[in-house]
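See below for the structure under consideration.
By convention in this document, chain letters (A, B, ...) are assigned in the order of the sequence lines, proteins followed by strands, and residues within each chain are numbered from 1.
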Amino acid sequence: VYKGLRTDKEKEKVVMETPEKQMADEELIAFGRKKVKVTHFNKVFWPKEGITKGELIKYYQSMADRIVPFLKDKPISMKRQPGGVDDPGFFQKDNTAHLPDWVKTAKVHSESNDKDINYIVGTDAATLIYMVNLGCIEINPWLSSYKKPENPEYVVIDIDPHDVPFSQAVEAALKTKEIFDRMKLDVFIKTSGSKGLHIYCYLGAKYDYDFVKMFAEYVANLVHEELPKTTSIERSPAKRPNKVYIDFLQNRRGQTIACPYSVRPKPGATVSAPLHWHEVNDDLKLSDYTIYNIKDRAEKTDDPWNDLHKTKADLKKGLEWLKKHAEV
DNA sequence: GTGGTAA
DNA sequence: TTACCACAACGCTCA
DNA sequence: TGAGCG
Ligand SMILES: [Mn+2]
Ligand SMILES: [Mn+2]
């Protein structure tokens with residue numbers, strides 16, 4: 001256990017605690033000059049599975065290289081569950097209390113109550129682990145950076161099956177892919193880690209939320225038109241029982257989606273897993289991708305999202321291709 | 001989970 | 001020192 | 001204006 005660089009106050013604390021407890025339950029993890037104090041290592045976060053907070057932190061440490069690119073410069077909406085997966089937890093966006101000086105924040109104006117919110121901004125592994133230590137089991141970045149908060153870097157189609165066979169979600173995802181193919185735009189898919197699927201198209205902050213949301217709504221409508229029996233674009237859950245909800249409303253300022261390789265507070269410690277499109281078939285099971293095996297998968301298979309940032313989609317050109325397709 | 005304050 | 005408490009969202013739509 | 005949604 002690393003014991004260097006403690007403040008005097010911490011030293012006092014160490015003396016008061018039993019060596020065993022101190023050794024096991026608290027650690028200082030160094031990322032260069034940034035030292036993250038990680039607490040309650042042995043606290044059980046998944047009671048049924050017996051997974052501890054320490055294991056969660058180790059997971060995020062091991063996957064930080066894959067995750068951080070999706071957090072860089074993004075305001076983070078923290079959902080904190082310090083009591084583990086059964087803790088309803090709370091959201092935190094504003095950070096007014098003292099933070100380590102190396103934790104980067106950015107003030108972003110909130111329209112609803114006309115105040116500036118001091119968001120933590122994704123930066124590096126140290127910042128990620130700092131948030132996990134606060135009780136963030138899942139990581140939810142904005143789609144836009146604090147530098148250009150009105151311009152999302154992706155358009156996202158969120159596939160939410162509601163009490164239907166998962167094969168219907170697969171069908172809706174493949175239909176969405178088909179529509180993007182007609183537009184000659186590249187799209188990438190991942191499991192949500194919870195119930196559904198997330199489809200991303202890279203834009204590079206070319207358009208504002210208003211346009212991107214309208215575009216996503218248009219795509220959602222096409223999916224629904226072509227799969228009217230199984231899908232719905234109704235916002236109210238009561239009006240879409242037993243349907244796959246094609247959710248385009250995530251494409252709004254301040255909305256978030258669990259990032260790639262984010263853990264979810266669900267049974268089995270599932271994670272949001274980037275997939276190859278050929279894996280999107282009736283054999284796909286979200287429960288197959290967990291905190292236990294995703295690292296191995298990421299190391300042994302080609303990164304399904306390797307080319308995500310290769311090209312910025314031209315949505316207007318895409319819509320023209322769609323028009324041509326419809327005329328034929 | 002943490003920081004502040006009362007006991 | 002310890003115990004306890006307060007506190008930590010937003011944007012948007014529809015009724 | 002408030003409840004509901006994610
Ligand atoms: Mn979803
Ligand atoms: Mn959704």
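Between the NZ atom of Lys79(A) and the C1' atom of dC10(C) there is a distance of 15 Å, rounded to whole Å. To the nearest angstrom, C1' of dG6(D) lies 13 Å from CG of Leu143(A). When the P atom of dA8(C) is taken as reference, atom CG of Asn95(A) falls 12 Å away, rounded to whole Å. Taking atom OH on Tyr245(A) and atom C1' on dC5(D), their separation rounds to 8 Å, with Å as the unit. Between the C1' atom of dC5(D) and the NZ atom of Lys195(A) lies a distance of 14 Å, rounded to the nearest Å. Between the CE atom of Met78(A) and the C1' atom of dC7(C) there is a distance of 13 Å, given to the nearest Å.
Between Glu150(A) and Arg253(A) there is a salt bridge, with a side-chain nitrogen of the basic residue lying less than 4.0 Å from a carboxylate oxygen of the acidic one. Taking a cutoff of 4.0 Å between a charged side-chain nitrogen and a carboxylate oxygen, Lys34(A) and Asp124(A) qualify as a salt bridge.
Inter-residue side-chain proximity for Ile29(A) and Ile57(A) is flagged as met; some heavy-atom pair is nearer than 4.5 Å.
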What protein N or O atoms touch nucleotides 1-5 of chain B N or O atoms at under 3.5 angstrom, if any, and at what distances?
| residue | atom | partner | partner atom | Å |
| --- | --- | --- | --- | --- |
| dG1(B) | OP1 | Lys43(A) | NZ | 2.6 |
| dG1(B) | OP2 | Lys53(A) | NZ | 3.2 |
| dG1(B) | O4' | Arg80(A) | NH2 | 3.2 |
| dT2(B) | OP1 | Asn133(A) | ND2 | 3.3 |
| dT2(B) | OP2 | Thr39(A) | OG1 | 3.3 |

Please enumerate all protein N or O atoms sitting under 3.5 Å from an N or O of nucleotides 11-15 of chain C, with distances to 0.1 Å.
| residue | atom | partner | partner atom | Å |
| --- | --- | --- | --- | --- |
| dG11(C) | OP2 | Ser110(A) | OG | 3.3 |
| dG11(C) | OP2 | Glu111(A) | N | 3.4 |
| dG11(C) | OP2 | Ser112(A) | N | 2.9 |
| dG11(C) | OP2 | Ser112(A) | OG | 2.8 |
| dG11(C) | N2 | Arg252(A) | NH2 | 3.4 |
| dC12(C) | O4' | Arg252(A) | NH1 | 3.2 |
| dT13(C) | O3' | Arg235(A) | NH2 | 3.4 |
| dA15(C) | OP1 | Lys239(A) | NZ | 3.2 |

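Around the CH2 atom of Trp102(A), the shell of radius 6.0 Å holds more than 12 heavy atoms that belong to other residues, nucleotides or ligands. Within 6.0 Å of OH in Tyr218(A) there are 12 or fewer heavy atoms belonging to other residues, nucleotides or ligands.
Relative to the ring axis of Phe166(A), Lys195(A) does not place its NZ or CZ within 45° and under 6.0 Å from the centre.
For the P atom pair drawn from dA9(C) and dC5(D), the interatomic distance equals 22 Å after rounding to whole Å. dA8(C) and dG4(B) are spaced 15 Å apart, taking the P atom of each and rounding to whole Å.
Side-chain rings of Tyr200(A) and Phe188(A) stay apart, their centers remaining 6.0 Å or farther from each other.
The structure places CD1 of Ile120(A) at 10.5 Å from CG of Asp94(A), a figure rounded to the nearest 0.5 Å.
Relative ring orientation between Trp142(A) and Tyr119(A) is described as perpendicular, the plane-to-plane angle rising above 60° on a 0-90° scale split at 30° and 60°.
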